[in-house]
Amino acid sequence: MRADELRRTFVRFFEERGHTVVPSAGLIPTHPTAPLFTNSGMMQFVPYFLGEEAAPYARATSVQKCVRLSGKHNDISELGRTRRHLTFFEMLGNFSFGDYFKEQAIPLAWELSTEVVGFDGDRLWVTVHDDDDEAEAIWHESVGVPMERIQRLGAENFWEMGETGPCGPSSEIHLDCGPEWGEPGGPAHGGGDRYVEFWNLVFPQYYRHPDRSLSDLPRKGIDTGAGLERWQMLLDGTRSVFETDVLAALVDEAQAVTGRRLGTDEQTDVALRILADHARTMTFLVNDGVVPSNEDRGYVLRRVIRRAVRYAHRLGVERATTPALVTKVIDVMGDAYPELRRNGDFVGMVVEREEDRFRRTLASGSALLDEAIGELDGGTLPGEVAFKLHDTFGFPLEVTSEVAAERGVEVDVEGFEAAMAEQRRRGRAGRTPGSEAEGDDAYRELLDQFGTTDFLGYAEGETDGRVLAALPRPDGTLEVFLDRTPFYAESGGQVGDTGAITTPTGRLEVLDATYALPGLHRHVARVVDGEVVTGQEAHAAIDAHRRDYVKRNHTGTHLLHWALREVLGDHVHQQGSLVAPDHLRFDFSHYGQ
């Protein structure tokens, strides 16, 4: 089954069953709790699952582009060596926001898997959480899966959004690929390449409190994720995701660019697969507004591009390789993602410029590494050398480690991390320290006890509320928490409001408003008169004159963004901003000065 057909089949199935088709979100998530990159289909729906916003639809379906290159979902070390690991992939999903639950989600998954796309039901196994009798009963009694093909797992089948918040058991569907792939025993005990999970059904039904206790959510949800490339691999009976249509075309392009062929040796096969995978990752990241840099997302992108160039270099390629790979990605995926065609010239230019920069230093960096390894005669490469390669030549640690491993040498990772830590320490010493007060436990306790702050500031400049807590800070100010507030908390580059909070016994000057935790407004204030006590009624009023200046500068950022796109091109994306009462700052991506 080709990728285009599978996307259409999945989305149409759920659309016909009342789900709103939601386009893929970008790879740069916006929620404060989100990781660097969108790494799952549910990422764009986090505010709905957290109850921060009302969902505009009761049920939804999507095909979400995802990148996993950081955190616990970092698959890069397995890339090219296993059947199914990728750094960029597409996630098929269906979601319910309090509309339906296990009793409907499970039969829908089975119907689509077996009756629509054609998985053999007799080869499917199911796992459920140890405590989820309900899901097990639905699989067996409603769907008809034999009990011997239903297994229970612990933490592997329990999903949590974070240390606190919505969570719940999950249930996975696995395909038995046959005895040639490993030992029997089902997903819980058999070979990992034999029993391949292809759909994870998550049932957010609890709320995890700071003390790790659970309570029932008032509105239970459904969050599922199914890797498109993995489905194709299993449906087609291929040995790996790199033999599915899109990735096979990219592997072919990697062969054409490098002049090397699959099947020559294992190292060549791995390199060609890495080039095919990284081609999609770099193309989609640049398309979504990430540009190579030495920080955050830009640094991750730079590592991806340079890693691809390094693998091409290992295959003996001395000319540019990324432009042709980017062009091929656009050719094979441009119908599904039309924005790739619109931005193709820009994406190719950014990637090619980064490759050109790296190629100019690759020779000298490789020479330094070869010289350092040659002097060792085995043993361990000092962390300082690995750090110099990283800091000066842009060699990611994993690339240095790969090169060293080929020569039978280990890398002093602890020494590398110590050098990195020292660099960060010097960086922090050069910055003005923040004034964040300690006390995450106290914040979580407030959020657990009272819920999120009711923000009224879009419509009102002052309101009456109640003081939930007044926590002292080392500098003599207070952190004041109200049940409702008109004070805008700093976010999206816009500074927090200032103003006053008045109670029957005292008056506070609010110096700033920030988020202590997502949804929990913190008012940083100093006592002007009297005292403020927890539980008091309070009148909160912003400095409306200052807010007006901030609003004008906020509008200014939008005007500037429009003007930059008019002058420089549609590739310009906002990367950050500062909106203050007296000035604005606008950060944006562009490939030149």
### Query
After noting the C-alpha distance and the side-chain angles of His31 and Gln44, does the key distance pass the side-chain hydrogen bond (donor to acceptor under 3.5 Å, both in side chains) rule?
CA-CA 8 Å; His31 195 270; Gln44 65 173 311; over 6 Å; no

### Query
Looking only at atom types and distance, does a side-chain atom of Asp543 sit under 3.5 Å from a main-chain N or O of Arg546, one as donor and one as acceptor?
yes

### Query
Hey, mind stepping through Ser491 and Tyr488 against side-chain hydrogen bond (donor to acceptor under 3.5 Å, both in side chains) and telling me if it holds?
CA-CA 8 Å; Ser491 63; Tyr488 181 86; 3.1 Å; yes

### Query
Any sub-3.5 Å donor-acceptor pair from Thr321's side-chain atoms to Val317's backbone N or O?
no

### Query
Is the side chain of Thr283 donor-acceptor paired with the backbone N or O of Ala279 at a distance under 3.5 Å, no angle test?
yes

### Query
His19 pairs by ring-ring contact (aromatic ring centres under 6.0 Å, His included) with which of Phe10, Phe97, Tyr57, Phe14?
Phe14

### Query
Looking only at atom types and distance, does a side-chain atom of Asp288 sit under 3.5 Å from a main-chain N or O of Leu27, one as donor and one as acceptor?
yes

### Query
Is Glu15 salt-bridged to Arg12, going by a charged N under 4.0 Å from an acidic O?
no

### Task
Go through the steps to decide whether His523 and Glu479 satisfy the test side-chain hydrogen bond (donor to acceptor under 3.5 Å, both in side chains), and finish with yes or no.
CA-CA 6 Å; His523 307 81; Glu479 294 186 358; over 6 Å; no

### Task
Count the heavy atoms belonging to other residues, nucleotides or ligands that lie under 6.0 Å from CZ of Phe586, then report whether that count exceeds 12.
yes

### Task
Say whether, by atom type as modelled, one donor and one acceptor occur between the side chain of Thr453 and the main chain of His521 under 3.5 angstrom.
yes

### Task
For side-chain hydrogen bond (donor to acceptor under 3.5 Å, both in side chains), just list the numbers for Thr322 and Glu355, CA-CA rounded to whole Å, side-chain angles, deciding distance to a tenth of an Å, and then say yes or no.
CA-CA 7 Å; Thr322 57; Glu355 175 174 2; 2.4 Å; yes

### Query
Are Arg484 and Phe455 in a cation-pi contact, defined as NZ or CZ under 6.0 Å from the six-membered ring centre and within 45° of the axis?
no

### Task
Verify, without hydrogens or angle tests, whether Asp277 (side chain) and Thr87 (backbone) share a donor-acceptor contact under 3.5 angstrom.
yes

### Message
Strictly distance-based, threshold 3.5 Å: is any side-chain N or O of Glu229 a donor or acceptor partner for the main-chain N or O of Glu90?
### Response
yes

### Query
So, Asp454 side chain and Asp483 main chain: donor-acceptor pair closer than 3.5 Å or not?
no

### Query
Do the side chain of Ser24 and the main chain of Lys65 share a donor and acceptor less than 3.5 angstrom apart?
yes

### Query
Is it true that Asp356 and Arg359 make a salt bridge, defined as a side-chain N closer than 4.0 Å to a carboxylate O?
no

### Message
Run the side-chain hydrogen bond (donor to acceptor under 3.5 Å, both in side chains) test against Arg310 and tell me which residues pass, sequence neighbours left out.
### Response
none

#### Entry: salt bridge (Lys or Arg N to Asp or Glu O under 4.0 Å) partners for Arg319, two or more places apart
none

### Query
Does atom CZ of Arg219 have more than 12 heavy-atom neighbours, drawn from other residues, nucleotides or ligands, at distances under 6.0 Å?
no

### Task
Decide, yes or no, whether a salt bridge links Asp497 with Arg547 under the criterion of side-chain N to carboxylate O below 4.0 Å.
yes

#### Entry: Thr557 side chain vs His554 backbone, donor-acceptor pair below 3.5 Å
yes

### Message
One pair to check against ring-ring contact (aromatic ring centres under 6.0 Å, His included): His571 and His590. What are the steps and the verdict?
### Response
CA-CA 7 Å; His571 64 272; His590 185 54; 5.0 Å; yes

